[in-house]
Amino acid sequence: MKLRRSFFARSVHDVAPELVGATLLVDRVGGRIVEVEAYHHEDPAAHSFGGRTARNASMFGPPGHAYVYRSYGIHWCLNFVCEEGSAVLIRALEPTHGLEEMAARRGTDEPRLLASGPGRLTQALGITRAYDGLALDRPPFELYAARETEIAVGPRVGITKAVELPWRYAEAGSRFVSRPIRPAPRA
DNA sequence: CCTGTGATCGTCT
DNA sequence: GACGATCACAGGT
């Protein structure tokens, strides 16, 4: 089932876990989303924390659109905008469509190295700042809802603020996540 | 398996 | 002028 724009017009904390297992294609190339992170505008780690700027304008735009930014001067990162200046960072895919194209863009055939990580993922899908602000329910994007799947939850990766918030969601047991989530401590 | 480090540049202070 | 929502590679364990 195709995801409609209204799917994203909710709290980022509801949308993010539901995206795990969804299929993301960009010009027919992509796979199943296996790892995401939620960023909320009241969250010090979010780009939208502190208000609107030229870079983060898309985060304050309508839900159901892309927010693409450059990371470390080198990589691109893809987010799905939700309500109120929040967004979901798409961190890893299990490649299913257009493997050859992804391998050519990435310079490797190793499946685990195609889209396991936000920078690798955008390179494999050909995402650049040119995709910033584009609607997610129209070409070149295609998004299909997830089936039921087991979700693991943990702290986000690579941030220095609000490091303790458990806003990273991954498919339990997937070998395509950028980094495994430590199993929850036993009671 | 792990840790450390350089690359590279737009954005905001 | 400092700092990243990262990655690839090198080297040690």
Side-chain angles (χ1 to χ4, degrees), chain A residues 8 11-13 15-17 19-20 22 24 26 31 33-61 63 65-95 102-134 136 151-171 173-183:
Chain A
F8 299 95
S11 164
V12 70
H13 300 303
V15 174
L19 282 172
V20 175
L24 163 66
V26 178
I33 297 171
V34 296
E35 180 187 349
V36 302
E37 286 175 358
Y39 287 87
H40 187 267
H41 72 287
E42 290 176 351
D43 154 25
H47 289 170
S48 52
F49 185 78
R52 180 180 185 132
T53 66
R55 173 177 71 157
N56 68 22
S58 292
M59 273 188 90
F60 292 94
H65 291 246
Y67 165 50
V68 180
Y69 70 93
R70 205 200 268 284
S71 173
Y72 289 88
I74 303 168
H75 310 287
W76 300 102
C77 289
L78 171 66
N79 295 254
F80 295 164
V81 175
C82 297
E83 66 177 16
E84 295 179 332
S86 64
V88 180
L89 172 66
I90 311 302
R91 287 193 55 90
L93 296 183
E94 175 182 337
M102 296 174 113
R105 287 169 173 157
R106 289 279 303 124
T108 176
D109 284 340
E110 179 56 45
R112 282 207 41 176
L113 294 180
L114 292 181
S116 294
R120 293 166 173 164
L121 182 155
T122 54
Q123 187 179 28
L125 269 47
I127 299 277
T128 67
R129 180 82 178 170
Y131 291 69
D132 182 58
L134 296 189
L136 298 173
I151 310 285
V153 180
R156 295 172 293 181
V157 174
I159 54 173
T160 57
K161 301 165 194 162
V163 295
E164 72 287 353
L165 296 176
W167 289 353
R168 176 171 178 242
Y169 303 91
E171 182 170 68
S174 171
R175 59 186 202 283
F176 292 96
V177 296
S178 67
R179 297 189 44 179
I181 289 182
R182 272 192 298 187

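Here is how names work: the chains are called A, B, and so on, in the same order as the sequence lines, proteins then strands, and each is numbered from 1. As a basis for the values below, the full set of heavy atoms in this structure was taken, side chains included, without hydrogen atoms, waters or symmetry mates.
- When heavy atoms are screened at a 4.0 angstrom cut-off, S178(A) is found touching no nucleic acid atom at all.
- In this structure, the side chain of S174(A) does not engage the main chain of V34(A) through any donor-acceptor pair within 3.5 Å.
- Under the stacking criterion of a centre-to-centre distance below 5.5 angstrom and an interplanar angle below 30°, Y39(A) sits stacked against the six-membered ring of dA5(C).
- Annotated stems with DNA chain C as a participant read B:1-7 with C:6-12, B:9-12 with C:1-4, given as range with range, by first number; only runs of 3 or more Watson-Crick or G-U pairs under 3.5 Å qualify.
- One can place CG of N56(A) at 11 Å from C1' of dC12(B), the figure rounded to the nearest angstrom.
- Donor-acceptor pairing under 3.5 Å, judged by distance alone, is absent between the side chain of Y72(A) and the base of dA7(B).
- Contact of the F80(A) side chain with the V12(A) side chain is not registered, since no non-hydrogen atoms from C-beta on lie closer than 4.5 Å.
- Contact between A66(A) and S58(A) at its shortest, heavy atoms only, is O-CB, 3.7 Å.
- R168(A) comes within 4.0 angstrom of no nucleic acid atom, judged by non-hydrogen atoms across all strands.
- At least one donor-acceptor pair under 3.5 Å links the side chain of S48(A) to the backbone N or O of G85(A).
- For dA8(C), one of the phosphate oxygens OP1 or OP2 lies less than 4.0 angstrom from a side-chain nitrogen or oxygen of R120(A).
- A straight line from CG of D43(A) to C1' of dA5(C) spans 10 Å, rounded to a whole angstrom.
- Within 4.0 Å (heavy atoms only), I74(A) reaches at least one base atom of the nucleic acid.
- Taking atom CD on E35(A) and atom P on dT6(C), their separation rounds to 10 Å, with Å as the unit.
- Nucleic acid contact class of R156(A) (heavy atoms, under 4.0 Å, all strands): none.
- DNA chain B lies under 4.0 Å from no heavy atom of any residue of residues 76-95 of chain A.
- One atom, CZ of R179(A), and another, P of dT6(C), lie 10 Å apart when rounded to the nearest Å.
- Closest-nucleotide positions on DNA chain B for R129(A) and H75(A) were compared, and the one nearer the 5' end corresponds to H75(A).
- Regarding L114(A), its CG atom lies at a distance of 11 Å from the P atom of dA8(C), rounded to whole Å.
- For T53(A), a side-chain nitrogen or oxygen approaches OP1 or OP2 of dC12(B) to under 4.0 Å.
- DNA chain C is contacted by both Y67(A) and Q123(A); Y67(A) maps to the nucleotide lying nearer its 5′ end (nearest heavy atom per residue).
- The distance from atom CZ of R106(A) to atom P of dT6(C) is 14 Å, rounded to the nearest whole Å.
- In this structure, R105(A) contributes its side chain and A124(A) its backbone to a donor-acceptor pair below 3.5 Å.
- Ring geometry for H47(A) versus Y69(A): interplanar angle over 60°, hence perpendicular rather than tilted (30 to 60°).
- Across the protein-nucleic acid pair, R55(A) atom CZ and dC9(B) atom C1' stand 12 Å apart, rounded to whole Å.
- Checked by atom type, the side-chain pair E35(A)/S178(A) shows a donor-acceptor distance below 3.5 Å.
- Residue R179(A) places its CZ atom among 12 or fewer non-hydrogen atoms of other residues, nucleotides or ligands, all under 6.0 Å distant.
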| message | With side-chain hydrogen bond (donor to acceptor under 3.5 Å, both in side chains) as the criterion, how do R106(A) and Q123(A) come out once you've worked through the C-alpha distance, each side chain's angles and the decisive distance to 0.1 Å? | response | CA-CA 7 Å; R106(A) 289 279 303 124; Q123(A) 187 179 28; 2.5 Å; yes
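- Side-chain nitrogen and oxygen atoms of H47(A) include at least one within less than 4.0 Å of the OP1 or OP2 phosphate oxygen of dA5(C).
- For R175(A), the CZ atom sits in a loose shell: 12 or fewer heavy atoms of surrounding residues, nucleotides or ligands are nearer than 6.0 Å.
- For the pair R70(A) CZ and dT6(C) C1', the computed distance is 12 Å after rounding to whole Å.
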